[in-house]
Amino acid sequence: MTTISFPLSSTKIDAQVAAAVMEGLVSRPRWLPSWLFYDEAGSRLFDRITELPEYYLTRTERGILAAHAEEMIALAAGDDALHVVELGAGSCDKTRLLLKAAVDRQDTVLYEPVDVSHTALQVAQERLEREIAGVVVSPRVTDYTRDFKLDAAVCGERRLVLYIGSSIGNFEPREARALLKNVHAALAPGDSLLLGVDLVKEESVLLPAYDDAAGVTAEFNRNILVRINRELGARFDAEGFAHRATWNPAESRMEIYLVSRRAQTVMVPSPDPDFDLRLRFAAGETIHTENSYKYRPGQAEAMLKAAGFEPARTWTDERGWFAVCLARAGTRE
Ligand code: AVJ
């Protein structure tokens with residue numbers, strides 16, 4: 001008996017992953033979408049990144065939230081009960097600061113994390129319900145970049161949508177505006193949005209944040225190839241690619257690349273062997289894996305305005321490295 005060995009016998013090919021990989025890898029210049037970073041291993045690597053001495057973002061935003069959570073919650077709630085929605089479920093310990101401030105004002109707080117990953121939502125639910133009495137977690141599995149809907153507003157309740165962690169930085173300005181417009185459309189007058197953005201700063205601070213001495217970001221970047229090997233049966237030699245981080249001042253963004261260390265050919269199979277890809281990389285050829293946009297002071301507020309929001313207040317750290325903006329979706333009579 002002959003067995004045909006198919007690399008994916010145990011994994012289902014995700015059509016979205018396959019399509020994104022095929023499209024990006026045959027493009028010139030080559031690219032891969034940064035959402036591909038976040039498989040299980042990638043999410044764990046990102047958690048390690050947030051603790052690196054060079055990665056100032058998480059620490060700085062947490063400091064801003066710790067100092068001003070009460071005021072943020074008071075401004076968002078007014079005289080009403082607050083219902084907290086979060087885009088993404090990955091920022092547990094920063095979210096906790098806000099939820100704590102909310103349960104101090106009202107007995108119970110409904111917290112609705114929205115994420116594509118069912119597992120991430122489950123982890124968030126268990127942790128938060130265990131750690132903060134009074135928080136009721138109601139997870140919602142949705143790709144909020146594709147469609148974002150909320151249940152009809154409950155009378156006497158205001159919603160606060162959290163979009164923190166500089167997650168918006170991965171989107172092109174045009175996509176970011178569209179996303180904010182969608183959020184605005186789902187909200188009612190009196191509801192608000194809390195947006196965390198990373199700010200433009202010296203290159204000497206930005207570069208190490210995306211190319212740390214311990215090599216965790218490099219491993220995070222290369223993991224995208226490990227994932228493609230596992231899920232699509234590709235034959236990337238992850239160590240054959242170097243990690244590169246550059247600051248693009250004209251576009252105001254950090255850019256992350258994988259750089260082929262030598263000339264090499266990589267096989268990416270297709271379900272139909274006639275369409276297997278043989279990708280030829282020249283030495284030094286790049287795959288662009290991420291953009292991380294940095295905003296100038298006032299820029300996030302301008303973008304919120306363009307999406308229909310009314311910026312209410314912005315908090316920053318004393319170095320001016322990170323900003324958290326509260327914006328209202330119209331005023332309630
Ligand atoms: C999760 C998008 C906020 O852009 O700083 C960290 C991802 N990439 N190190 C960021 C990331 C490399 C991160 N965000």
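We count residues from 1, following the sequence as given. Counting starts at 1 for both ligands and their atoms, in listed order.
The nearest protein atom to atom 3 (C) of ligand 1, hydrogens excluded, is given as Gly165 O, 3.1 Å; this is a heavy-atom distance. Remark: minimum distance from atom 4 (O) of ligand 1 to any protein heavy atom is reached at Ser292 OG, 2.7 Å. In terms of protein heavy atoms, atom 2 (C) of ligand 1 is closest to Asn170 OD1, 3.2 Å.
The ring-ring contact (aromatic ring centres under 6.0 Å, His included) contacts involving residues 144-181 comprise Tyr144-Tyr163, where partners must be two or more places apart or lie in separate chains. Sorted by first and then second residue, the side chain to side chain donor-acceptor pair (under 3.5 Å) pairs involving residues 56-66 (not counting sequence neighbours) are Tyr56-Asp198, Tyr56-Lys201, Glu61-Lys94, Arg62-Asp93.
For the pair Phe37 and ligand 1, no heavy-atom separation below 4.0 Å is found. Residue contacts with ligand 1: Gly169 is excluded, as none of its non-hydrogen atoms falls under 4.0 Å.
Salt bridge present: Arg230 and Asp39 bring a charged side-chain N and a carboxylate O closer than 4.0 Å. Comment: Arg313 engages Glu71 in a salt bridge, judged by a side-chain N to carboxylate O separation of less than 4.0 angstrom. Under the 4.0 Å criterion applied to side-chain N and carboxylate O atoms, Arg44 and Glu40 are assigned as salt-bridge partners.
Residue contact check: Tyr38 has heavy atoms under 4.0 Å from atoms 1 (C), 7 (C) of ligand 1. Set against the non-hydrogen atoms of Phe46, the atoms of ligand 1 under 4.0 Å away are 1 (C), 6 (C), 7 (C), 13 (C).
Arg30 CZ: more than 12 foreign heavy atoms inside a 6.0 Å radius.
Taking each of Tyr210, Phe220, Trp35, Tyr55 in turn, the one with a heavy atom nearest to atom 13 (C) of ligand 1 proves to be Tyr55.
Contact annotation for Phe171 and ligand 1: no heavy atom of the residue comes within less than 4.0 Å of the ligand. Here Glu290 has side-chain heavy atoms under 4.0 Å from ligand 1, and that is the only part of it that gets that close.
Donor-acceptor pairing under 3.5 Å is lacking for the side chains of Glu112 and Ser138.
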